[in-house]
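Step one of this worksheet: look at the structure below.
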Number of protein chains: 2
Amino acid sequence: MATVSRVVNNNPNVKPQTRKKVFEAIERLGYRPNAVARGLASKKTTTVGVVIPDISNSIFAEIARGIEDIANMYHYNIILCNADKRKEKEIRVINTLLEKQVDGLLFMGGTVTDEHIQAFQTSAVPIVLCATRDEKGTYPSVDIDHETAAFDAVNTLIRHGHREIAMISGTLQDPANGYARFHGYKKALEAAGIEYQEDLVRIGNYRYESGVEAMKYFLGLKKKPTAVFAATDEMAIGAIHSIQDEGLKVPDDFSIISVDNIRMASMVRPLLTTVAQPMYDLGAVAMRLLTKLMKKETVENPRVILPHETILRLSVNHVNK
Amino acid sequence: MATVSRVVNNNPNVKPQTRKKVFEAIERLGYRPNAVARGLASKKTTTVGVVIPDISNSIFAEIARGIEDIANMYHYNIILCNADKRKEKEIRVINTLLEKQVDGLLFMGGTVTDEHIQAFQTSAVPIVLCATRDEKGTYPSVDIDHETAAFDAVNTLIRHGHREIAMISGTLQDPANGYARFHGYKKALEAAGIEYQEDLVRIGNYRYESGVEAMKYFLGLKKKPTAVFAATDEMAIGAIHSIQDEGLKVPDDFSIISVDNIRMASMVRPLLTTVAQPMYDLGAVAMRLLTKLMKKETVENPRVILPHETILRLSVNHVNK
DNA sequence: ATTTGACGGTAACCATTTACGATGTAGCTC
DNA sequence: GAGCTACATCGTAAATGGTTACCGTCAAAT
């Protein structure tokens with residue numbers, strides 16, 4: 001038994017000849033090692049749990065792909081759980097993942113509340129936050145600087161001469177895509193000495209339709225904006241179509257910019273100018289960080305902020321005088 | 001020990017009073033059941049393996065969501081493995097999934113070769129094919145009828161008076177999205193007495209860019225088609241933009257139709273007419289089928305074909321005389 | 001002859017489930 | 001009321017399929 005275990009696990013203390021014999025027996029008997037038994041004995045499962053808001057959302061799907069690729073590279077498997085940003089469901093899946101003795105946990109998406117922290121604290125294995133972070137900064141995380149990303153987006157509008165800049169925001173309860181991006185918008189206005197106007201901000205739900213709706217509202221204003229900043233690409237694309245459906249043009253009549261750079265941003269007309277967040281890398285770096293933690297390697301900086309980059313395409317123009 | 005096991009597993013043979021005492025002890029000690037040990041003893045892991053071509057592809061992401069929802073409903077977890085339609089990688093992950101003692105296996109995407117069958121045959125647990133099937137029809141599967149879907153698509157073009165119909169196909173090596181859809185195209189032409197012309201067919205790779213390229217080719221033809229059928233929505237959208245970039249219009253100058261109905265199909269201008277495949281349902285039904293198989297319930301029809309539906313939107317028009 | 005290191009076997013251990021048996025209690029019969 | 005049966009409850013121990021610490025054996029080197 002022990003010898004078989006050794007050859008299966010590539011332990012060097014086996015004579016090549018007996019190793020060969022074992023392999024032959026394995027072949028002959030169709031033996032397949034039982035990873036569950038192995039997990040029980042070795043206290044390692046080579047699987048990590050990932051809780052994701054919604055795999056059918058292309059942003060998270062892209063992040064997940066990054067996670068999976070790196071996990072694969074280090075011979076880990078992934079248990080994937082959708083939690084829809086519902087706190088109670090998130091806590092539940094964290095617990096079942098921990099019951100399953102995952103070697104590590106990747107938590108993506110939603111707000112990290114005290115209840116989350118409590119659940120995390122019961123964990124004997126490392127946890128990293130991906131595309132989110134906890135307020136206190138006690139847990140390792142990989143994210144972008146949403147506020148600065150939004151700031152940069154609005155700022156490129158300003159540099160193109162715009163001063164009447166509307167925003168299609170997410171809900172302000174959401175710390176990352178919502179609050180932080182909205183705050184970046186305000187800061188950019190402030191830095192340029194532009195007064196903040198409440199009726200130039202609409203709250204959407206990140207989806208296309210809400211972008212369409214918000215833009216309709218702006219089009220109905222007496223004092224229309226000349227540019228709009230959307231918190232997500234999807235809402236930006238909705239806004240573009242809203243404008244086009246009225247017979248107006250982007251960027252001639254309105255400039256549009258947003259944050260994300262989903263694949264679709266380069267599959268619309270005009271090509272969408274946007275601040276790219278490195279989605280694949282968010283996942284990949286988070287997973288890489290987790291592998292280090294699982295191997296108990298010391299990591300220099302456990303709270304990484306990945307750089308964003310504004311991609312100038314065709315939906316932003318200099319303002320018409 | 002046995003009593004604890006009984007209360008944890010909701011076995012009725014425990015006095016309510018001792019049950020309560022056990023719960024108190026669990027609470028006090030912060031006990032968390034170990035699913036790995038449970039899996040070893042019970043020979044059940046309540047997890048199913050799913051091998052997927054690419055989770056960052058929106059079609060598969062949507063299917064995966066259906067799978068996960070139903071799995072969740074039946075208290076299964078999902079181990080997700082990307083395999084990129086690479087045979088060798090698919091075989092590998094099938095084996096590691098089986099080593100992990102999954103209770104069932106969901107195989108999506110790529111072609112099912114003899115080697116796949118061989119790997120499947122070593123499995124002691126049920127396997128269902130999702131969005132693909134094996135030639136011999138020996139394994140349970142859930143899919144749509146790609147050929148008829150394509151036939152219907154081309155036929156609505158024909159019913160709108162088109163007779164010069166081009167196709168942007170996938171590779172003919174791919175049995176479902178490639179060969180079957182191409183064959184549906186040919187059949188529809190044949191049924192309408194339209195001669196098949198080789199230079200009206202281009203092979204793409206399912207992606208946007210290849211749709212753009214293929215359409216450029218058609219636009220360069222002396223005898224241009226009046227309509228084009230794309231094997232996937234993404235290529236269709238590429239074609240639309242290719243047309244619009246030349247200053248021409250859809251559907252005035254060209255009608256466009258395709259198969260899939262991804263979310264993006266209703267996020268372009270003009271709204272894309274397409275034959276919808278029920279992606280979420282493909283996953284959900286496949287997973288439901290798998291749960292039945294895992295519970296050893298008898299299932300009436302283990303090879304299900306889900307209906308498709310052509311969604312008339314704005315990219316198809318009657319041909320200009 | 002002794003030491004050393006490579007090799008391989010023994011058995012404890014991992015945290016559960018489950019078959020089986022022990023115990024106790026209630027109800028019934030006589 | 002004794003004795004018996006039946007059942008509910010709970011504990012014991014085997015089983016699950018590996019890993020690994022530890023020890024013994026053997027051949028080669030000293």
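Within every chain, numbering begins at 1; the chains are lettered A, B, ... in the order of the sequence lines, protein sequences first and strands thereafter.
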Legend entry - side chain to side chain donor-acceptor pair (under 3.5 Å) pairs, two or more places apart, involving residues 281-302 of chain B: Y74(B)-R288(B), R288(B)-T291(B)

Inset, instruction - Ignoring hydrogens and angles, state whether a donor on the side chain of N34(B) or E99(A) is under 3.5 Å from an acceptor on the partner side chain. - result: no

Inset, instruction - Determine, for nucleotides 11-26 of chain C in 5'-to-3' order, which nucleotides have protein heavy atoms under 4.0 Å from the base (write B), from only the sugar-phosphate (write S), or from neither (write -). - result: ---BBBBB--------

Inset, instruction - Only one of K20(A), K21(A), R28(A) passes salt bridge (Lys or Arg N to Asp or Glu O under 4.0 Å) with E24(A); say which it is. - result: K20(A)

Roughly how many Å is it from [atom1] in [X] to [atom2] in [N], rounded to a whole number?
X	N	atom1	atom2	value
K44(B)	dT16(D)	NZ	P	15 Å
E99(B)	dG17(D)	CD	P	15 Å
R19(B)	dT9(D)	CZ	P	9 Å
N11(B)	dA8(D)	CG	P	12 Å

Legend entry - Within 6.0 angstrom of E88(B) CD, more than 12 heavy atoms from elsewhere: yes

Inset, instruction - Taking T111(B) for its side chain and T113(B) for its backbone only, find out whether a donor-acceptor pair lies under 3.5 Å. - result: no

Inset, instruction - Check every strand shown and say whether V36(A) touches a base, only sugar-phosphate, or nothing at a heavy-atom separation below 4.0 Å. - result: nothing

Legend entry - D174(A) with R181(A): basic N within carboxylate O range, under 4.0 Å: no

